[in-house]
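Since the structure comes first, as structure tokens, the remarks are kept for the end.
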Amino acid sequence: MTAKTTQWIKRNYKWALPVGFALLLLTFFFSMTGDATLRVGSIVANPSLINDAIEKANSNDAVIAEYGKISPTNSLAIIEGEVIYSNNNQMVDISLWVQGSKRRGKLDLTAVYKNDIWQYRMIRMRDKKTRELLMVLE
């Protein structure tokens, strides 16, 4: 019986070792990140939550004067940001970098999921260096 086991390993090591190593890395990754991957993934799958907040920020005169027109975000900005769910995934706090035509800033938003839509509780822009806050929606 050990001879067959040894032969199987000799025949299949070229794919068994890389697959085993990849599974080990995935297990390590998910054990270190916990549910952060799923939280960010749900926001990437629903970009309208962030894009609507950016649209509201672009309609604010103070934001336009300070940051310029804010460009829509890409998935990398969302992954780099912070997403915190609470209240049985019915409330979300998001903080991510956005790029305006004049300069870069952080967009913070809080939204509540009611009646199958996201309702914004707070949207603000902030400058990390000066700590200046511009409230878009309170």
Worksheet item: What distance separates K69 NZ from S101 OG, expressed to the nearest 0.5 Å?
Response: 9.0 Å
Worksheet entry | Distance-minimising heavy-atom pair for G68 and N58 | O-OD1, 4.2 Å
Worksheet entry | Identified side-chain contact (heavy atoms from CB on, under 4.5 Å) counterpart of E66 within the set E132, K102, M125 | E132
Worksheet item: So D108 and I94, side-chain contact (heavy atoms from CB on, under 4.5 Å) or not? Walk me through it.
Response: CA-CA 6 Å; D108 300 324; I94 301 173; over 6 Å; no
Practice prompt. Could you walk me through whether M91 and Y113 pass the side-chain contact (heavy atoms from CB on, under 4.5 Å) test, one step at a time?
Written response: CA-CA 6 Å; M91 187 171 180; Y113 193 69; over 6 Å; no
Discussion item. Taking V112's backbone N and O only, do any of them form a donor-acceptor pair with Y120's side chain (distance below 3.5 Å, no angle check)?
Written reply: no
Response to the item:
Nearest heavy-atom contact between I70 and A57 is CD1-CB, 4.1 Å
Worksheet entry | More than 12 heavy atoms of other groups within 6.0 Å of K106 NZ | yes
Item to complete: Look at atom CG of N87 and say whether more than 12 heavy atoms of other residues, nucleotides or ligands are closer to it than 6.0 Å.
Response: yes
Worksheet item: Would you say N88's side chain and Q90's backbone share a donor-acceptor pair under 3.5 angstrom?
Response: no
Practice prompt. May I ask you to test the L96-V98 pair for a side-chain heavy-atom distance under 4.5 Å?
Written response: yes
Practice prompt. Grab the two heavy atoms, one from P72 and one from I54, that are nearest each other, plus how far apart they are.
Written response: CA-CD1, 4.2 Å
Worksheet item: Is there a path from W15 to L23 through hydrophobic residues (I, L, V, M, F, W, Y) whose side chains come within less than 4.5 Å of each other?
Response: yes
Worksheet item: Would a 4.5 Å heavy-atom cut-off, applied to side chains only, mark N60 and I64 as touching?
Response: no
Practice prompt. Take V63 and D61 through the side-chain contact (heavy atoms from CB on, under 4.5 Å) test and state the conclusion after the steps.
Written response: CA-CA 5 Å; V63 172; D61 293 334; over 6 Å; no
Practice prompt. Supply the atom-to-atom distance I123 CD1 to E55 CD, rounded to the nearest 0.5 angstrom.
Written response: 10.0 Å
Practice prompt. Decide side-chain contact (heavy atoms from CB on, under 4.5 Å) for V92 and I84; before the verdict, give the C-alpha distance in whole Å, the side-chain angles of both, and the deciding distance to 0.1 Å.
Written response: CA-CA 6 Å; V92 65; I84 300 171; over 6 Å; no
Item to complete: Measure the spacing between OG1 of T110 and CG of D93 and express it to the nearest 0.5 Å.
Response: 4.0 Å
Worksheet item: Can you tell me how far CE of M135 sits from CZ of R126, rounded to the nearest 0.5 angstrom?
Response: 11.5 Å
